[in-house]
K.L.:
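I'd like to ask some things about the structure below.
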Amino acid sequence: MMADTRKLMRALAGEKQAVPPVWMMRQAGRYLPEYKATRARAGDFLSLCYTPDLAAEVTLQPIRRYGFDAAILFADILLVPQALGADLWFVTGEGPRLSTISGPDDLARLKPADAIHDRLSPIYETVRILRRDLPADTPLIGFAGAPWTVATYMIAGQGTPDQAPAHALRIGDPHSFDALIDLITDATIHYLKAQIEAGAEVVKLFDSWAGSLPEQAFARYSTAPIKRIITALKAAHPDVPVIAFPREAAKGYAGFAKATGADCVALDNSVSAAWAADHVQIDGCVQGNLAPGHMVTGGQALIDETRRIVEAFSGGPHIFNLGHGITPDANPDNVHVMLQEIRG
Ligand code: CP3
């Protein structure tokens with residue numbers, strides 16, 4: 001097979017490049033007026049996720065505006081819980097709300113892992129549209145939440161600052177907690193396989209709350225389920241690279257690629273690029289890690305930080321990205337400033 005010459009795929013294959021590929025988490029989002037217009041047409045966020053033409057349209061918007069080196073499917077990590085039978089809605093200005101899980105009775109009401117596809121079939125259709133409409137040189141990234149992070153929302157029924165309800169179930173009823181993690185893990189394998197079969201060329205696992213797990217629990221509930229998902233995906237699709245994002249893992253980032261089989265580890269901005277180059281990039285590709293706040297404040301600090309990160313990771317494979325999603329108050333012009341600094 002001929003080697004893939006696209007910048008993102010080369011970085012994921014372990015190649016060091018003078019100019020790294022670049023994309024941004026939440027690149028399709030509320031900082032863009034065209035996103036807000038399409039979201040208004042859809043009516044609400046979930047309708048946007050489940051309307052393939054419109055979800056594909058917002059995925060394409062940042063590609064047209066900025067020419068990023070990758071597109072990421074427009075969807076949400078909480079569609080999997082919904083497909084498993086949880087109630088899901090979004091409260092404007094506040095975030096997601098779900099039915100909660102407090103023990104075996106709530107678990108028993110969920111569907112089996114392989115029953116998710118009917119509900120999620122519009123997402124697979126979005127992937128097919130994107131593979132048709134994206135420029136041939138722009139790879140499509142599919143994604144899912146990692147089991148621990150998805151479990152934190154399913155248990156608490158909303159985002160929580162410290163994930164306390166999930167920690168309470170993990171410690172107080174480990175049997176139910178393990179069953180929930182296993183169910184989400186199996187569903188995620190089904191979901192990502194289906195995204196790949198529809199045309200996703202890379203997949204990313206978001207473990208946004210990995211940082212709140214103490215060491216032993218991190219190994220058991222972040223590393224192990226992610227490893228199980230990657231092992232299953234690689235068995236079916238050995239050539240599809242996987243990016244893993246155990247956000248705020250701190251020293252847990254070291255060794256994470258080896259422990260899980262991930263082709264790339266995405267870094268949040270709480271770790272320094274210099275440290276990550278020595279302790280994470282030694283094992284392969286890294287992605288990150290500009291603080292999203294620079295997209296709000298801009299100026300020389302944005303330029304200096306962008307340069308510093310590119311230089312710190314210049315010795316190995318690197319995908320430039322933010323350390324977390326771009327925020328709604330970001331100035332779209334600052335994205336051009338960042339791109340100019342990276343690409344010259
Ligand atoms: O990155 C992308 O452009 C792809 C699409 C994407 C969204 N969510 C769209 C979205 C991706 C990859 C996600 C992942 C996601 N969703 C995560 C993991 C990454 C992270 O941010 O830590 C999490 C925890 C969620 C759950 C979620 N979805 C929350 C907590 C919220 C509310 C907070 C917020 O930003 O409003 C969402 C809503 C959401 N998901 C929006 C978008 C564009 C904003 C919804 C809107 O348009 O009102």
Side-chain angles (χ1 to χ4, degrees), residues 23-51 54-63 65-66 68 70-82 86 88-98 123 126-127 130 140-154 156-161 163 166 184 188 191-192 195 200 202-212 222 243-249 266-270 287-289 292 295 321-330 335:
W23 67 281
M24 294 190 313
M25 284 186 267
R26 290 281 171 95
Q27 63 191 20
R30 287 163 292 182
Y31 74 108
L32 291 180
E34 59 268 36
Y35 170 84
K36 284 192 270 194
T38 310
R39 186 179 180 282
R41 261 177 74 199
D44 58 52
F45 172 67
L46 281 175
S47 305
L48 180 54
C49 291
Y50 287 121
T51 309
L54 298 182
E57 166 58 22
V58 294
T59 306
L60 290 163
Q61 286 168 350
I63 306 304
R65 190 189 262 257
Y66 300 115
F68 286 121
I72 183 158
L73 167 69
F74 190 87
D76 197 85
I77 67 165
L78 301 178
L79 305 185
V80 166
Q82 189 177 37
L88 172 69
W89 67 102
F90 279 78
V91 180
T92 311
E94 289 183 35
R97 294 290 182 275
L98 301 91
I123 310 307
T126 304
V127 172
L130 285 167
L140 177 64
I141 303 171
F143 73 91
W148 159 249
T149 289
V150 172
T152 67
Y153 288 96
M154 292 182 79
Q158 61 184 74
T160 44
Q163 296 75 60
I184 300 167
T188 304
Y191 183 45
L192 290 177
Q195 288 185 28
V202 175
V203 295
K204 179 170 175 184
L205 286 161
F206 286 88
D207 212 350
S208 301
W209 298 118
S212 80
S222 181
I243 304 170
F245 183 32
R247 192 171 72 90
E248 289 183 356
L267 304 160
D268 71 87
N269 47 278
S270 71
Q287 177 177 282
N289 69 339
M295 291 300 155
N321 204 310
L322 307 183
H324 201 193
I326 189 167
T327 53
D329 55 345
V335 180

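Quick note: numbers below take in every heavy atom, side chains included, and nothing from hydrogens, waters or symmetry partners. In listed order, ligands and their atoms are each counted from 1.
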K.L.:
Say whether S208, considering both its backbone and side-chain N or O atoms, lies within less than 3.5 Å of an N or O atom on ligand 1.
P.N.:
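Between S208 and ligand 1 (N or O atoms, distance only) the closest approach is under 3.5 Å.
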K.L.:
Show me which atoms of ligand 1 lie under 4.0 Å from any heavy atom of I72.
P.N.:
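Counting from 1, the qualifying ligand atoms are 1 (O), 2 (C), 3 (O), 4 (C).
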K.L.:
Does ligand 1 have an atom under 4.0 Å from some heavy atom of Y35?
P.N.:
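Contact present.
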K.L.:
Tell me which protein heavy atom sits closest to atom 1 (O) of ligand 1, plus the residue, atom name and distance to 0.1 Å.
P.N.:
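For atom 1 (O) of ligand 1, the nearest protein heavy atom comes out as R26 N, 2.7 Å.
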K.L.:
State if A28 counts as touching ligand 1 under the rule of any non-hydrogen atom under 4.0 Å.
P.N.:
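Distance cut 4.0 Å: A28 passes for ligand 1.
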K.L.:
With a 3.5 Å distance limit and no angle check, can you tell me whether Q61 reaches the backbone of Y35 through a side-chain donor-acceptor pair?
P.N.:
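The answer is yes, because a donor-acceptor pair under 3.5 Å joins these two groups.
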K.L.:
Spell out, as yes or no, whether a donor-acceptor pair under 3.5 Å connects the side chain of S270 to the backbone of E248.
P.N.:
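Looks like no, no N/O pair under 3.5 Å.
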K.L.:
Out of T38, D76, D44, D268, who is nearest to atom 16 (N) of ligand 1 when you count heavy atoms only?
P.N.:
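The nearest heavy atom belongs to D76.
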K.L.:
Tell me whether A75 reaches ligand 1 (any heavy atom closer than 4.0 angstrom to a ligand atom).
P.N.:
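Yes, A75 has heavy atoms under 4.0 Å from ligand 1.
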K.L.:
Output all residues satisfying ring-ring contact (aromatic ring centres under 6.0 Å, His included) with F206, sequence neighbours left out; order by chain, then residue number.
P.N.:
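Partners of F206 under the ring-ring contact (aromatic ring centres under 6.0 Å, His included) test: F143.
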K.L.:
Please confirm whether K204 approaches ligand 1 to less than 4.0 Å, judged on its heavy atoms.
P.N.:
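The answer is no: ligand 1 sits nowhere under 4.0 Å from a heavy atom of K204.
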K.L.:
Write out the residue and atom name of the closest protein heavy atom to atom 20 (C) of ligand 1, then the distance separating them to 0.1 Å.
P.N.:
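Residue, atom and distance for the closest contact: H324 NE2, 3.1 Å.
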K.L.:
When you measure from atom 25 (C) of ligand 1 to every protein heavy atom, which one gives the shortest distance, and what is it?
P.N.:
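Scanning the protein heavy atoms, the shortest distance from atom 25 (C) of ligand 1 goes to I77 CG1, 3.5 Å.
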K.L.:
Enumerate the residue pairs fulfilling salt bridge (Lys or Arg N to Asp or Glu O under 4.0 Å) with a member in residues 31-50, sequence neighbours excluded, ordered by first and then second residue.
P.N.:
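Listed once each, the pairs are E34-R65.
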K.L.:
Please verify whether a non-hydrogen atom of L73 lies at under 4.0 Å from ligand 1.
P.N.:
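Under 4.0 Å: yes for L73.
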K.L.:
So, does F245 sit close enough to ligand 1 that a heavy atom of it is under 4.0 Å from the ligand?
P.N.:
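Contact absent.
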K.L.:
Which residue and atom name correspond to the protein heavy atom nearest atom 42 (C) of ligand 1, and how close is it?
P.N.:
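Nearest protein contact, heavy atoms only, for atom 42 (C) of ligand 1 is F45 CE1, 3.5 Å.
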K.L.:
P96: heavy atom below 4.0 Å from ligand 1, yes or no?
P.N.:
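A heavy atom of P96 does come that close to ligand 1.
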K.L.:
For atom 34 (C) of ligand 1, what's the nearest protein heavy-atom neighbour? Residue, atom name and distance, please.
P.N.:
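Looking only at protein heavy atoms, the one closest to atom 34 (C) of ligand 1 is R30 NH2, 3.0 Å.
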